[in-house]
**Student:** 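Have a look at this one before I ask anything.
Just follow the structure's listing: the first ligand is 1, and inside any ligand the first atom is 1. Every heavy atom of this structure was used, including side-chain atoms; hydrogens, water molecules and symmetry mates were not.
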Amino acid sequence: MTDGRALALAYLKQQQMLGGDAVILNGARSTEHGAEALPVAPTPVANAPSSVLPPPGLSFDPPSGDLFAADPVQRTHTLAEIAALVHDCTKCKLCEARTNTVPGEGPTNARLVVVGEGPGRTEDETGRPFVGKAGELLTKILSAIELPREQVFICNVVKCRPPENRLPQYDEIAACVPYLFRQIEILKPAVILAMGGTAAQTVLNTKQSLGALRNLVHRFRGIPVIVTYHPAALLRNPNWKRPTWDDVRIARRILDS
Ligand code: SF4
């Protein structure tokens with residue numbers, strides 16, 4: 001099999017994993033198991049992976065933790081210590097209606113950190129981030145770039161569920177964000193994937209729209225940040241799956257570089 005053919009087949013398979021429409025290529029329809037059965041070599045795919053990265057975007061470099069600081073968040077050394085602080089946290093009003101805190105989960109050696117907005121109902125019930133339908137879609141998105149979910153650290157900007165899934169408010173984000181920043185500081189990932197406007201604006205300290213922030217390689221304390229749509233938004237608007245696919249491939253290329 002030629003490199004071009006292998007590339008195109010991998011592309012088709014990933015499109016299907018993302019839930020894309022059926023693909024017709026040179027008269028052959030790719031199926032869940034039948035990509036290898038394509039009868040003829042495909043023509044080049046317009047958006048096949050490229051090694052070219054988008055231009056640089058914003059850079060946010062907040063002060064790092066101070067192990068001698070009075071703030072206990074800054075004195076943590078591990079993700080478990082942060083989760084324990086989150087568990088007992090009452091720094092904002094979101095503590096009042098929560099069932100469980102949702103600090104985030106994933107291995108300490110994760111090279112990719114996914115940041116979402118805040119826990120929803122299922123996350124609040126389970127204490128786990130990105131579960132339910134949006135979580136299933138995130139798992140598919142990660143699989144499409146050959147990253148098992150178990151290898152990724154997944155978390156949110158706020159660690160307790162906003163009532164009725166409303167957007168987290170400014171004071172809630174300000175109270176909670178030290179946990180996120182300390183998690184990133186401990187993890188030192190190769191890439192941060194900010195999913196949704198709240199995550200992107202928080203990690204990059206900006207009010208720019210998600211549309212303006214996409215397709216650029218931003219930096220948080222020097223770590224590349226890629227901005228894309230939140231999986232819950234993709235469930236509402238499947239047309240955004242394609243641009244999301246483009247975004248996560250950028251993250252993949254940075255991981256591979
Ligand atoms: S959302 Fe964050 S700051 Fe607010 S109570 Fe929960 S853990 Fe504390």
**Student:** Please state which part of E172 comes within less than 4.0 Å of ligand 1, counting heavy atoms only: side chain, backbone, both or neither.
**Tutor:**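 Answer for E172: neither.
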
**Student:** As a check for students: among P178, C176, G118, identify the option with a heavy atom nearest to atom 3 (S) of ligand 1.
**Tutor:**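 Comparing heavy atoms across P178, C176, G118, the nearest one to atom 3 (S) of ligand 1 lies in C176.
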
**Student:** Under a 4.0 Å N-O cut-off, is there an ion pair linking E164 with R121?
**Tutor:**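 R121 and E164: not salt-bridged.
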
**Student:** Any sub-3.5 Å donor-acceptor pair from E172's side-chain atoms to Q169's backbone N or O?
**Tutor:**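 Present.
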
**Student:** Just need the protein heavy atom nearest to atom 6 (Fe) of ligand 1, so name the residue and atom and give the distance.
**Tutor:**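 It is C160 SG, 2.3 Å.
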
**Student:** With a 4.0 Å cut-off on heavy atoms, is K93 touching ligand 1?
**Tutor:**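 Checking ligand 1 against K93, which is what was asked, there is no heavy-atom contact under 4.0 Å.
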
**Student:** May I ask you to check if any N/O/S atom from C95 comes under 2.8 Å of atom 6 (Fe) of ligand 1?
**Tutor:**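 Coordinating: no.
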
**Student:** Just wondering, are more than 12 heavy atoms of other shown residues or ligands nearer than 6.0 Å to NZ in K133?
**Tutor:**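 No, not enclosed.
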
**Student:** Under 4.0 Å from a heavy atom of R98: give me the atoms of ligand 1 that qualify, with their elements.
**Tutor:**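 Counting from 1, the qualifying ligand atoms are 5 (S), 6 (Fe).
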
**Student:** Where do T202 and F181 come nearest, in terms of heavy atoms and distance?
**Tutor:**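 Where T202 meets F181 most closely, the heavy atoms are O-CZ, 4.0 Å.
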
**Student:** Distance to 0.1 Å, residue and atom name: give those for the protein heavy atom nearest to atom 4 (Fe) of ligand 1.
**Tutor:**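 Residue, atom and distance for the closest contact: C92 SG, 2.3 Å.
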
**Student:** Identify the residue among T78, V86, L85 that makes a side chain to side chain contact (heavy atoms under 4.5 Å, CB included) with I82.
**Tutor:**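 Running side chain to side chain contact (heavy atoms under 4.5 Å, CB included) over T78, V86, L85 with I82 returns exactly one hit, V86.
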
**Student:** Determine whether the side chains of T198 and E117 contain a donor N or O and an acceptor N or O closer than 3.5 Å.
**Tutor:**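 Side-chain D/A pair, T198 to E117: present.
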
**Student:** Does C89 put an N, O or S atom under 2.8 Å from atom 8 (Fe) of ligand 1?
**Tutor:**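 An N, O or S atom of C89 is closer than 2.8 Å to atom 8 (Fe) of ligand 1, so yes.
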
